[in-house]
Enquirer: 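Okay, here's the structure, questions in a sec.
If you read the sequence from its start, that first residue is 1, and numbering goes on from there.
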Amino acid sequence: MLVEEREPGVWHIRTARVVPDNERWLTPEAREKIVWAVAWAEQNPGRTTTPEEFEALVQKLQALP
């Protein structure tokens with residue numbers, strides 16, 4: 001809610017939706033990516049890898065356009 005004093009004794013009260021600064025990054029596009037990532041993670045559970053396997057995967061992902 002926003003409350004403004006227009007002049008002494010006169011208040012203007014409005015409802016408002018406030019987005020905290022630390023949440024402004026959550027745009028509709030970012031939200032879509034997060035929803036996709038969560039769905040992917042639910043379908044692809046984690047697995048144990050060796051450091052060498054992990055490094056190979058990272059290099060492969062970095063090579064993607």
Enquirer: Has Q43 got more than 12 heavy atoms of other residues, nucleotides or ligands less than 6.0 Å from its CD?
Expert: no
Enquirer: With salt bridge (charged side-chain N to carboxylate O under 4.0 Å, His left out) as the rule and sequence neighbours excluded, what pairs involving residues 45-59 come up?
Expert: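 Non-adjacent pairs meeting salt bridge (charged side-chain N to carboxylate O under 4.0 Å, His left out): zero.
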Enquirer: Are L26 and I34 packed together at the side-chain level, in the sense that at least one heavy-atom pair is separated by less than 4.5 angstrom?
Expert: yes
Enquirer: Does anything in residues 17-37 pair up under salt bridge (charged side-chain N to carboxylate O under 4.0 Å, His left out), and if so which pairs, sequence neighbours excluded?
Expert: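 Every salt bridge (charged side-chain N to carboxylate O under 4.0 Å, His left out) pair that includes a residue of residues 17-37, provided the two are not neighbours, is D21-R24.
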Enquirer: Does a side-chain heavy-atom distance below 4.5 Å link H12 with R14?
Expert: yes
Enquirer: If the condition is side chain to side chain contact (heavy atoms under 4.5 Å, CB included), which residues does L61 pass it with, not counting sequence neighbours?
Expert: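 Result, side chain to side chain contact (heavy atoms under 4.5 Å, CB included) vs L61: L57, L64.
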Enquirer: Check which hydrophobic residues are tied to W11 through side-chain heavy-atom contacts below 4.5 Å, counting indirect links as well, and list them.
Expert: M1, V3, I13
Enquirer: Cluster partners of V10, using ILVMFWY side-chain heavy atoms under 4.5 angstrom, listed by chain and number?
Expert: none
Enquirer: Report the hydrophobic cluster partners of F54, with the cluster defined as I, L, V, M, F, W, Y residues connected by side-chain heavy atoms closer than 4.5 angstrom, directly or transitively.
Expert: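 For the cluster that includes F54, the remaining residues are V58.
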Enquirer: Answer yes if V35 and W25 sit in the same cluster of Ile, Leu, Val, Met, Phe, Trp and Tyr residues linked by side chain heavy atoms under 4.5 Å apart, and no otherwise.
Expert: no
